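Chain A is the first sequence line, chain B the second, and so forth, proteins listed ahead of strands; every chain is numbered from 1. We use all heavy atoms of the structure for the numbers below, so side chains are in, but hydrogens, waters and symmetry mates are not. Since this is a predicted model, take the numbers as computed values, not measurements.
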Protein chains: 2
Amino acid sequence: MRNIDEIDRKLLNILQDNSRVTIRELSERLHLSTTPIHERIKKLEKNGYIKRYITLLDPKALGKKLTVFISVSLSSHTKEVVDAFEHEVKKLPEVMECYYVSGNWDFLLKVQCNDMEDYHNFVIHKFSVIKNITQFYSSFVMSESKQTYKYEL
Amino acid sequence: MRNIDEIDRKLLNILQDNSRVTIRELSERLHLSTTPIHERIKKLEKNGYIKRYITLLDPKALGKKLTVFISVSLSSHTKEVVDAFEHEVKKLPEVMECYYVSGNWDFLLKVQCNDMEDYHNFVIHKFSVIKNITQFYSSFVMSESKQTYKYEL
DNA sequence: TGTGAAAACCCACAGGT
DNA sequence: ACCTGTGGGTTTTCACA
């Protein structure tokens, strides 16, 4: 976290909000010339602070209207079983996120589908056929109160 | 979803992977001149397919090493109580995501903290003081098997 | 680390097919 | 819906402080 000063902090905050901001605009907002801005960004990329620049689409515009969180229990927690489950899950495009978690369940998955029919087919044909699942529980998202990928620095 | 053709589909796939790709490079990869690429992107923005261009940082590089999912039950489900909870939660920078969900729990939150001590302070001073929470359950993320914000089109 | 300037590169738009 | 050409803006690099 340290190795980054106040200027880097401001730079990262602006970039998190808008990855297409021009270096020229950044230089004006931070009262520097374009050269140090350019060099700082390259350095932040090189040092692993900046992972990637992405475009966020609107899932609803694409017809993806159903988000489901699935909690999963596996029959065993050996490396083989856990790795095999993760491997299968990674291949499913409907699974946007998958976490190995502590507590009552072993995995938590975020799944994006078009609608309930699409989800039904996903569960029957793609998800429930994965080996070593002993139990799973679906929570349907009714509304999204907050969603951000920005860390306030 | 429809109104977008094969070229738009490819455009969106590339942009999701890299929001800083130049129009020139897109035009070369899609065998078109820059003009139609530029026009298509503006149209996709205008029609709501493209929401925003963001920069993803590495939370670990920033010292944010603990991710927790919190399941929450509220004492009532009237609009007032639900809205008030959402309002409080939105103010907390540690809460990255918050969903109103069906099932055993009312809300599912994704929380990002530096470490367990930081999480402890978050729970004691910021989260558990929110009104109308009857019960909550923390699941700590041990590993992240998959995380993508890309919809394969 | 920073500035300023120049070269290379890219965007955005006009006019035309 | 697409192409080419162009003026103006942007990025990237360099000499220098």
At under 4.0 Å between heavy atoms, what does B:Thr22 touch on the DNA or RNA strands: base, sugar-phosphate, or nothing? sugar-phosphate
Just checking B:Lys42: base, sugar-phosphate only, or nothing, at a heavy-atom cut-off of under 4.0 Å?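 Counting heavy atoms under 4.0 Å across all strands, no contact is made by B:Lys42.
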Would B:Tyr149 and A:Glu97 count as having a side-chain donor-acceptor pair, cut-off 3.5 Å? no
Starting at atom [atom1] of [X], determine the distance to atom [atom2] of [N], rounded to an integer number of angstrom.
X	N	atom1	atom2	value
A:Leu30	C:dT3	CG	C1'	16 Å
A:Leu44	C:dT1	CG	P	11 Å
A:Leu32	C:dG4	CG	P	11 Å
A:Asn3	C:dT1	CG	P	10 Å
A:His31	C:dG2	NE2	P	14 Å
A:Arg20	C:dA12	CZ	P	8 Å
A:Ile41	C:dT1	CD1	P	15 Å
A:Ile23	C:dA5	CD1	P	19 Å

Using a strict 4.0 Å threshold on nitrogen-to-oxygen distance, state whether [X] and [Y] make a salt bridge.
X	Y	result
B:Arg29	B:Glu25	yes
B:Lys43	B:Glu39	no
B:Glu152	B:Lys150	yes

For B:Thr35 and A:Asp5, take the nucleotide of DNA chain C holding the closest heavy atom to each; which residue's nucleotide lies nearer the 5' end? A:Asp5
Parallel, tilted or perpendicular for B:Phe140 and B:Tyr119, by the 30°/60° rule? perpendicular
Criterion side chain to side chain donor-acceptor pair (under 3.5 Å) on B:Ser73 and B:Asp106, from CA distance to verdict: CA-CA 5 Å; B:Ser73 282; B:Asp106 297 323; 4.5 Å; no
First contact, last contact: which nucleotides of DNA chain D are these for chain A, 5' to 3', heavy-atom distance under 4.0 Å?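 So the outermost contacting nucleotides come out as D:dT10 to D:dC14.
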Members sharing A:Ile124's hydrophobic cluster (side chains within less than 4.5 Å):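 So far as hydrophobic clustering goes, A:Ile124 is joined with none.
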Nearest-nucleotide check on DNA chain D, A:His38 vs B:Ser33; residue mapping nearer the 5' end is B:Ser33
Side chain of A:Ile7 (C-beta onward), nearest among C:dG2, C:dA12, C:dA5: C:dG2
